[in-house]
Amino acid sequence: MLDMQETIAEKKSSYYNGLAERAKCDKEAFGELYDYFFPRVYNFIFAKVKNAEQADDIISITFEKVFVRLRDYDSGKGAFSTWIFRIAINEMNNAFRLQKRLNEAGWEEFFEPADERKTPEQQVLADEGDIHLLLALEKLNERERRVVSLKYFTGISNKEIAEMEEMTANNVGVVLHRALDKLKAILEGSGYTL
């Protein structure tokens, strides 16, 4: 099953690598890349900065650089997803250096408006669970937080994470497994489960 998932991920990665090569001279190909990667990169950035305005600024700069530097992308050197997430990480680091410290957003800014299909009680419980999960994530070490964020906020494969983090795909799996075990223990200690 894992081999099948990795094969699908490799095909998807190969498709987007080729699409990135075409996007160097094809606006429609760039549009497709943008549509696919924008929400994934934005979710990754937002999960790290926890501030919508700052995430908007960083994503704008990231995609501006992707557009301007796309001609420099070489699919022979690595996956497009790795390339674009490295740009995003560099832009986050630049923003953090300029700020000197991370401005924590109020919890209410992190959550989406109430789901009309949920009762107020259900929404409060869902928001409370999100808060506990975010607090639990903060208790992981930086490497574990990065790997978990890349995997679950962006949906990229272990192989792509491995390229970005300069690890093996198997090591990514081990880090994820251990991090999820830690999260589960932290949450169970506070009365919540994954």
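Any value given below was found using the heavy atoms of this structure, including those in side chains, with hydrogens, waters and symmetry copies removed.
- Residues satisfying the side-chain hydrogen bond (donor to acceptor under 3.5 Å, both in side chains) criterion with Arg145, sequence neighbours excluded, are Glu142.
- Applying the salt bridge (charged side-chain N to carboxylate O under 4.0 Å, His left out) test to Lys65 and every residue at least two apart in sequence or in another chain returns Glu91.
- In this structure, the ring pair (Phe, Tyr, Trp, His ring centres under 6.0 Å) partners of Phe80, at least two apart in sequence or on a different chain, are Phe37, Tyr73, Trp83.
- In terms of the side-chain contact (heavy atoms from CB on, under 4.5 Å) criterion, residue partners of Asn93 (sequence neighbours excluded) are, by chain and number, Ile89, Phe96, Arg97.
- The structure places CZ of Phe30 at 10.5 Å from CG of Leu19, a figure rounded to the nearest 0.5 Å.
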Criterion side chain to side chain contact (heavy atoms under 4.5 Å, CB included) on Val172 and Leu150, from CA distance to verdict: CA-CA 11 Å; Val172 169; Leu150 286 167; over 6 Å; no
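- Partners of Thr82 under the side-chain contact (heavy atoms from CB on, under 4.5 Å) rule, at least two apart in sequence or in another chain, are Ala79, Arg86, Glu160, Glu163, Met164.
- Asn171 and Arg143 get closest at one heavy-atom pair: ND2-NH2, 3.2 Å.
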Show me the side-chain donor-acceptor pairs of residues 56-64 shorter than 3.5 Å, one per line, residues at least two apart or across chains.
from	atom 1	to	atom 2	distance (Å)
Asp56	OD1	Tyr42	OH	3.1
Ser60	OG	Asp56	O	2.9
Thr62	OG1	Ile58	O	2.8

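- Partners of Glu28 under the side-chain hydrogen bond (donor to acceptor under 3.5 Å, both in side chains) rule, at least two apart in sequence or in another chain, do not exist in this structure.
- Contacts of Lys24 classified as side-chain hydrogen bond (donor to acceptor under 3.5 Å, both in side chains), with partners at least two apart in sequence or in another chain: Glu21.
- Atom-to-atom distance recorded for Asp181:CG and Ile186:CD1 is 11.0 Å, nearest 0.5 angstrom.
- In this structure, CG on Leu33 lies 9.5 Å from CG on Asp26, to the nearest 0.5 angstrom.
- Residues meeting the side-chain hydrogen bond (donor to acceptor under 3.5 Å, both in side chains) test with Glu32, sequence neighbours left out: Tyr15.
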Side chain to side chain contact (heavy atoms under 4.5 Å, CB included) between Ile84 and Arg40, intermediate numbers included: CA-CA 11 Å; Ile84 194 170; Arg40 288 159 177 79; over 6 Å; no
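- Identified under the salt bridge (Lys or Arg N to Asp or Glu O under 4.0 Å) test for residues 66-81, with sequence neighbours left out: none.
- Shortest non-hydrogen contact noted between Phe46 and Ala55 is CD1-CB, 3.9 Å.
- Partners of Arg178 according to the side-chain contact (heavy atoms from CB on, under 4.5 Å) rule, which considers only residues two or more places apart in sequence or in another chain, are Val174.
- Shown here are the side-chain contact (heavy atoms from CB on, under 4.5 Å) partners of Glu144, two or more places apart in sequence or in another chain: Leu140, Asn141, Val175, Ala179, Lys182.
- For the atom pair CZ of Phe44 and CZ of Arg146, the computed distance is 8.0 Å after rounding to the nearest 0.5 Å.
- Here the OG atom belonging to Ser81 is positioned 7.0 Å from the CG atom belonging to Asn17, to the nearest 0.5 angstrom.
- Put simply, CZ on Phe85 and CD1 on Ile156 are 5.0 Å apart, with the number rounded to the nearest 0.5 Å.
- The two residues Met92 and Ile45 make their nearest non-hydrogen contact at SD-CA, 3.9 Å.
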